[in-house]
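Structure record follows, encoded as structure tokens.
Sequence lines set the chain letters: A, B, ... in the order given, protein chains first and strands last, and positions in each chain run from 1.
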2 protein chains.
Amino acid sequence: MRTETVENYLKTIYNLSADNTAVVANQQLADKLAINPASVTEALRKLHELKYVIYEKSYGTRLTTAGVKMALNIVRRHRIWETYLVKELGFGWDEVHVIAEELEHVKNDKLINKLAEILGNPVFDPHGDPIPDAKGKIQKSNFIKLSEAKIKNNYKVMGVTDHSTAFLKYLDKHHLIIGAGIIVKTIEEFDNSIILVCQKKEVNISPKAAECIIVQALN
Amino acid sequence: MRTETVENYLKTIYNLSADNTAVVANQQLADKLAINPASVTEALRKLHELKYVIYEKSYGTRLTTAGVKMALNIVRRHRIWETYLVKELGFGWDEVHVIAEELEHVKNDKLINKLAEILGNPVFDPHGDPIPDAKGKIQKSNFIKLSEAKIKNNYKVMGVTDHSTAFLKYLDKHHLIIGAGIIVKTIEEFDNSIILVCQKKEVNISPKAAECIIVQALN
DNA sequence: ATTAATTTTTAGGCATACCAAAAATAATAA
DNA sequence: TTATTATTTTTGGTATGCCTAAAAATTAAT
Ligand SMILES: [Mn+2]
Ligand SMILES: [Mn+2]
Ligand SMILES: [Mn+2]
Ligand SMILES: [Mn+2]
């Protein structure tokens with residue numbers, strides 16, 4: 001298998017498995033990678049032979065230790081590049097994901113570690129995702145999705161789970177950037193949309209968007 | 001054809017054709033790309049269909065206008081990355097070529113132009129090769145190969161045509177870095193090796209090495 | 001002009017990474 | 001529990017980009 005193909009599969013399995021806690025379905029992979037389910041089945045069989053995953057027919061897939069190691073490496077490269085593009089090269093958080101999708105495949109540890117060093121070994125990327133260190137160790141957190149937030153509580157925006165330009169530009173427009181403080185005002189009974197206050201302005205967030213915003217409770 | 005394949009062929013054709021002044025033979029491409037001649041024939045036929053080259057059977061290949069444009073673009077990316085790696089990230093001139101071979105395929109004009117801007121839009125890369133500007137314009141020069149140098153004349157090292165780590169480390173050892181002043185002392189009749197003075201020390205250069213060092217005559 | 005050496009092309013194959021359609025399984029709803 | 005729906009796997013194909021071996025063409029040497 002081409003290493004780029006292997007890397008894309010392992011990274012995606014890792015991301016879909018919530019840090020390897022859940023089993024991943026073929027369908028999820030097919031959707032995320034925009035690939036035919038039949039092709040996914042084939043690929044998983046090969047990855048199983050290569051000992052990167054444990055793939056059980058009609059049940060699901062999880063990463064082996066070797067698979068996790070490789071996945072964390074790719075995730076590190078992706079997130080370091082995203083951070084470098086934003087912090088050192090002046091790109092917006094809404095435009096770096098696609099570029100990092102290419103840069104992440106450039107395999108040179110010295111390069112990535114050099115970038116990390118220049119950045120001061122950051123622990124979170126521009127979307128609030130944790131960056132594994134050179135050994136693969138990752139920061140744990142107790143963040144929740146905005147969709148799980150409670151009325152009248154205070155929160156701080158810590159990240160996003162959708163990296164599309166459209167979504168990030170939408171957040172920018174409402175000042176919902178990382179670090180922003182928010183208060184949940186009401187949750188509409190009708191459609192579960194959330195009305196919150198950010199920078200003294202009221203914003204109406206759809207349930208779909210609320211699923212993609214990561215926040216931390218402020219005591 | 002995969003864009004990475006197209007890019008590697010066009011870049012190599014460009015480099016072998018001495019800025020598109022000469023026709024390139026299949027054999028040369030096969031050697032440079034470490035690919036079987038039969039595969040080169042196939043690839044050239046496809047590149048001809050795609051209108052990137054004019055390929056005449058059993059005669060040779062040259063780039064079309066579209067081919068030159070694309071080649072210059074890749075060459076620019078390669079050389080900008082090499083320069084960035086040396087100047088901004090502290091890599092040695094002997095280790096950047098392999099990394100740039102990967103980075104050159106990341107296609108994002110804004111990124112390359114940003115790097116170029118940070119570097120002050122450099123005109124030569126760490127090996128003395130000219131960097132095309134964003135429009136593809138390239139600096140002309142009157143440099144010659146050290147193998148063509150005349151006895152007792154003064155020269156300045158301006159570049160190298162071999163980017164291998166082994167060769168560049170060998171040059172470093174003898175202080176034959178870019179910008180170094182040299183005097184050609186004698187040329188051995190027996191084997192055409194060149195004895196020159198650099199930093200007050202005598203160095204014996206083999207004819208093969210002299211072919212790979214680019215110099216400028218000092219009046 | 002022949003012969004020899006080299007280069008290029010053809011022909012036949014192989015592995016990778018996809019796809020579409022049909023068959024088999026599993027999950028959900030009635 | 002059966003029927004319906006959704007997911008997964010199988011089967012049969014396609015396009016790419018390589019390869020080896022042998023034939024053909026070109027170039028160089030005698
Ligand atoms: Mn990303
Ligand atoms: Mn990210
Ligand atoms: Mn180079
Ligand atoms: Mn160079």
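- For residues 57-68 of chain A, no pair satisfies side chain to side chain donor-acceptor pair (under 3.5 Å), with sequence neighbours left out.
- B:A209 meets the side chain to side chain contact (heavy atoms under 4.5 Å, CB included) test with B:F167, B:Y170, B:I205, B:S206; sequence neighbours excluded.
- Among pairs with a residue in residues 40-50 of chain A, none fulfils salt bridge (charged side-chain N to carboxylate O under 4.0 Å, His left out), at least two apart in sequence or across chains.
- If you check residues 49-57 of chain A against DNA chain C, you find no residue with a heavy atom closer than 4.0 Å.
- Taking each heavy atom of B:T83 and B:P126 in turn, the nearest pair found is OG1-CD, 3.5 Å.
- At a threshold of 4.5 Å between non-hydrogen side-chain atoms, the residues A:L47 and A:M1 count as touching.
- Where DNA chain D meets chain B (any atom under 4.0 Å from a heavy atom), the bounding nucleotides read 5' to 3' are D:dT16 to D:dT26.
- Side-chain contact between B:N73 and B:I112: absent, with no pair of heavy atoms (C-beta onward) separated by less than 4.5 Å.
- Closest heavy-atom contact between A:Y14 and A:V75: CD2-CG2, 4.0 Å.
- Shown for residues 22-34 of chain A: residues whose heavy atoms fall under 4.0 angstrom of DNA chain D, namely A:A25, A:N26, A:Q27.
- Residue A:K110 qualifies as enclosed at atom NZ: its count of foreign heavy atoms under 6.0 Å is above 12.
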Kindly determine whether B:D162 and B:S164 satisfy side-chain hydrogen bond (donor to acceptor under 3.5 Å, both in side chains), including the steps that lead there.
-> CA-CA 6 Å; B:D162 182 315; B:S164 69; 2.8 Å; yes
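- Of the residues in residues 36-47 of chain B, B:N36, B:A38, B:S39, B:E42 come within less than 4.0 Å of DNA chain D through at least one heavy atom, sorted by number.
- For the pair A:T165 (side chain) and A:E95 (backbone), a donor-acceptor distance under 3.5 Å is absent.
- By the side-chain hydrogen bond (donor to acceptor under 3.5 Å, both in side chains) test, A:E188 pairs with no residue at all, sequence neighbours left out.
- Taking 4.5 Å as the limit, some side-chain heavy atom of B:W93 sits within range of a side-chain heavy atom of B:I178.
- Partners of A:Y55 according to the side-chain hydrogen bond (donor to acceptor under 3.5 Å, both in side chains) rule, which considers only residues two or more places apart in sequence or in another chain, do not exist here.
- Applying the side chain to side chain donor-acceptor pair (under 3.5 Å) definition to pairs two or more places apart or across chains, those involving residues 100-109 of chain A are A:E7-A:H105, A:N8-A:H105, A:K11-A:E101, A:K11-A:E104, A:H78-A:E104, A:H97-A:E101.
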Pairs of donor and acceptor atoms involving the side chains of residues 141-151 of chain A, under 3.5 Å and at least two apart or interchain, shall be tabulated with distances.
{"from": "A:K145", "atom 1": "NZ", "to": "A:E211", "atom 2": "OE1", "distance (Å)": "3.1"}
{"from": "A:S147", "atom 1": "OG", "to": "A:E211", "atom 2": "OE2", "distance (Å)": "3.2"}
{"from": "A:E148", "atom 1": "OE1", "to": "A:K145", "atom 2": "N", "distance (Å)": "3.4"}

For nucleotides 23-25 of chain C, print each protein N/O atom paired with a nucleotide N/O atom at under 3.5 Å, atom names and distance only.
none

